Amino acid sequence: MAGQTCSAPELAALLTAGDRTGNATAAAEYICSKLETAALTSVDITTAVDTTYLLFSAYMVFAMQLGFAMLCAGSVRAKNTMNIMLTNVLDAAAGGLFYYLFGFAFAFGSPSNSFIGRYFFALKSIPSPGFDYSYFLFQWAFAIAAAGITSGSIAERTQFVAYLIYSSFLTGFVYPVVSHWFWSPDGWAAANRDPSASLLFRSGVIDFAGSGVVHMVGGIAGFWGALIEGPRIGRFDHNGRPFALRGHSATLVVLGSFMLWFGWYGFNPGSFITIVKSYGPIGSPIHGQWSAVGRAAVTTTLAGCSAALTTLFGKRLQTGHWNVFDVCNGLLGGFAAITAGCAVVDPWAAIICGFVAAWVLIGCNKLAERFHYDDPLEAAQLHGGCGAWGVLFAALFAKEEFVNEAYPGRPGRPHGLLMGGGWRLLAAHVIQILVICGWVSATMGALFYGLRKLDLLRISAEDELAGLDVTRHGGSAYVYDENPAGNGGDEGGFIMKGSKSTNRV
């Protein structure tokens, strides 16, 4: 029967020839074989479409590394451009190796305990049911994003070896443990926990794409690095008054921000992992995961736009200027905040998320200046502060219908407090903020403190004043002449010319 094609004449011939009992059996076998083949083909097509969707999302998230690199380069002074660009490359490279060897296993090695995974080291036994190479690639792109956040906080004054050590430790251990807690089916606080296991406050933590898991982890790690290192030379005068050390290229900052904006469409909607999934009647064009994916993209967009505009006018009232650096950071703060709830809130709520995120960022920056904390990219304030707000926002505005679509199989699961879902989800999210702060502080804070004690963290004052490019990387990305042609003027400018290399490492 398997060699026959499915056609009406062949089926009619089976029904009309020979004895009726034999014909009925043959016809039934013929129909069943064709239906089985069609079903198996449908499964293969669905898997191929979902895998392609996940891989494309992973590529978009990875493209955010270019966005981070451009944003970081434009936000530092010209004399440190090559240094910060190299650290972004090494975040991806070192992160790739250590996430392959250890990180993915600690995060998603299953079956496991609720604290840490213990299978799939060096991708052993991959592919397996539920996990394929595409899933590893997607999660690796998230891990190196967390490391990239941290590199911005400690820019312009950190020894190169410290970057290698912290990036490997963060992507290979610290971040994977947090992602296991909140994203693995075995994690103690995961909203998608195995059906046989109980949920934290009967809800679990709905951190859909990582306001806490990615952004808070990277931001808090950066906070401790910058705090332990201390501010850059010249950031505060002898009276403690702040002095702005602005980045050298608004062009690179804007380019990086738009690259990050593009990548966020893989970061947030891509976290659905699959797209071929129906929520309603078969054939419905709107009751499926494809519609939820689109909604996540819309909420992401609106939160970023709202935050950018709020920052634009908020900073205008404070400083009297329309500042593109501030607006770009506000935009990214809105994206970081909506990341937790992008899949479970209405578009109108996303506008509120971005509006509040902008003021959270402005407030965190004010506190940073008051306590003489120096973060060249505002990474700790942006990703840590706005990420924490995003975790709370999801607990306040998560809609019951969307929660049940994103996390099925648990009827009556609590949803957002302001949407009539009670306090349980909010309690779970407060727990998330506290445990992330505690875990990252204990691990990364101790690491940065140890590096300082070993004299491996901060460069010398002489090297910092001269710039890392010349003292540590063999020459400048480009030469900045603060007083060109010796004319005694105050205006500086860029001169595109070769610079003398040094032998210093």
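Predicted model only: the values in this text are computed from it and were never measured.
- Of all the heavy atoms in E378 and N365, the pair that sits closest is OE1-ND2, 3.0 Å.
- Nearest approach of F138 to I273, heavy atoms of both residues: CE2-CD1, 3.8 Å.
- Counting only distance, with no hydrogens or angles, the side chain of T87 and the backbone of I84 share a donor-acceptor pair below 3.5 Å.
- Remark: side-chain polar atoms of Y133 are paired, donor with acceptor, to backbone N or O of I126 under 3.5 angstrom.
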Practice problem: For L54 and D132, run side-chain contact (heavy atoms from CB on, under 4.5 Å): C-alpha distance rounded to whole Å, both residues' side-chain angles, the deciding distance at 0.1 Å, then the answer. | Solution: CA-CA 11 Å; L54 184 59; D132 205 341; over 6 Å; no
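- For the residue pair W264 / T339, a side-chain donor-acceptor distance below 3.5 Å is found, with atom types taken as modelled.
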Exercise. Apply ring-ring contact (aromatic ring centres under 6.0 Å, His included) to the pair W389 and F397, showing each step before the final yes or no.
Key: CA-CA 12 Å; W389 155 242; F397 289 93; 7.4 Å; no
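- Judged purely by atom type and a 3.5 angstrom limit, N88 has no side-chain atom pairing as donor or acceptor with the backbone of G148.
- Rounded to the nearest 0.5 Å, atoms SG (C437) and CE (M216) are 4.0 Å apart.
- Residue pairs meeting the ring pair (Phe, Tyr, Trp, His ring centres under 6.0 Å) criterion with at least one member in residues 53-92, sequence neighbours excluded, are F62-W140.
- In this structure a side-chain-to-backbone donor-acceptor pair under 3.5 Å is missing from H321 to R316.
- Aromatic ring orientation, Y99 versus Y175: tilted (interplanar angle from 30° to 60°).
- With hydrogens and angles disregarded, a donor-acceptor distance shorter than 3.5 Å links the side chain of D207 to the backbone of S211.
- Here the rule is ring pair (Phe, Tyr, Trp, His ring centres under 6.0 Å) with F120, and of F131, Y135, F108 only F131 fits it.
- Contact record, V440 with A221: CG1-N, 3.6 Å, taken as the closest heavy-atom pair.
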Distance-only criterion, 3.5 Å: show the donor-acceptor pairs between side-chain atoms of residues 233-242 and protein atoms not counting sequence neighbours.
{"from": "R235", "atom 1": "NE", "to": "D374", "atom 2": "OD1", "distance (Å)": "3.4"}
{"from": "R235", "atom 1": "NH1", "to": "F243", "atom 2": "O", "distance (Å)": "3.2"}
{"from": "D237", "atom 1": "OD1", "to": "N239", "atom 2": "N", "distance (Å)": "2.9"}
{"from": "D237", "atom 1": "OD1", "to": "G240", "atom 2": "N", "distance (Å)": "2.9"}
{"from": "D237", "atom 1": "OD1", "to": "R241", "atom 2": "N", "distance (Å)": "2.8"}
{"from": "D237", "atom 1": "OD2", "to": "R241", "atom 2": "NE", "distance (Å)": "3.0"}
{"from": "D237", "atom 1": "OD2", "to": "R241", "atom 2": "NH2", "distance (Å)": "3.3"}

Practice problem: Carefully, step by step, assess F402 and R295 under the rule side-chain contact (heavy atoms from CB on, under 4.5 Å). | Solution: CA-CA 10 Å; F402 300 156; R295 185 180 65 247; 3.5 Å; yes
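- Two rings, from F262 and F258, have their centers 6.0 Å or more apart.
- Scored by the side chain to side chain donor-acceptor pair (under 3.5 Å) test, E405 finds no partners at all (sequence neighbours excluded).
- A cation-pi geometry, defined here as NZ or CZ lying under 6.0 Å from the six-membered ring centre and within 45° of its normal, does not hold between R472 and F160.
- For W183 and F104, the ring centers are positioned 6.0 Å apart or more.
- Shortest non-hydrogen contact noted between S168 and F98 is OG-CE1, 3.3 Å.
- The CG atom of N329 lies 9.0 Å from the CD atom of Q381; values are rounded to the nearest 0.5 Å.
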Exercise. Determine, step by step, whether K79 and D469 satisfy the side-chain contact (heavy atoms from CB on, under 4.5 Å) criterion, reporting the C-alpha distance in whole Å, the side-chain angles of both residues, the deciding distance to 0.1 Å, and the verdict.
Key: CA-CA 6 Å; K79 61 185 179 180; D469 288 359; 5.6 Å; no
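- One finds the CG atom of L255 at 8.5 Å from the OG1 atom of T251 (value rounded to the nearest 0.5 Å).
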Practice problem: Apply ring-ring contact (aromatic ring centres under 6.0 Å, His included) to F267 and F335, showing your working. | Solution: CA-CA 10 Å; F267 205 97; F335 289 149; over 10 Å; no
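- Remark: K399 pairs with D346 by the salt bridge (charged side-chain N to carboxylate O under 4.0 Å, His left out) rule, at least two apart or across chains.
- Atom CD1 of residue I154 and atom CG of residue L457 lie 7.0 Å apart, to the nearest 0.5 angstrom.
- Here the straight-line distance linking atom CG of L331 with atom CG of L312 works out to 11.5 Å at 0.5 Å rounding.
- Under 3.5 Å, the side chains of D91 and Q65 contain no donor-acceptor pair of N or O atoms.
- Within a 6.0 Å sphere centred on CZ of F121, other residues, nucleotides and ligands contribute more than 12 heavy atoms.
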Quiz item: Are I362 and K315 close enough, and set up right, to give a side-chain contact (heavy atoms from CB on, under 4.5 Å), and what steps lead you there?
Solution: CA-CA 8 Å; I362 291 172; K315 296 296 290 185; 4.2 Å; yes
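- Across all non-hydrogen atoms, the minimal contact from L425 to A398 is CD2-CB, 4.0 Å.
- Of all heavy-atom pairs spanning Y166 and S151, the tightest one is OH-N, 3.0 Å.
- Residue pairs that meet the salt bridge (Lys or Arg N to Asp or Glu O under 4.0 Å) test with at least one member in residues 449-460, sequence neighbours left out, are R458-E464.
- Every salt bridge (charged side-chain N to carboxylate O under 4.0 Å, His left out) that E156 has, sequence neighbours left out, goes to R77, R232.
- In this structure, H429 contributes its side chain and L392 its backbone to no donor-acceptor pair below 3.5 Å.
- From T158, atom OG1 reaches atom CG of L468 across 8.0 Å, with rounding to the nearest 0.5 Å.
- A donor atom on one side chain and an acceptor atom on the other are found under 3.5 Å apart for D375 and S153.
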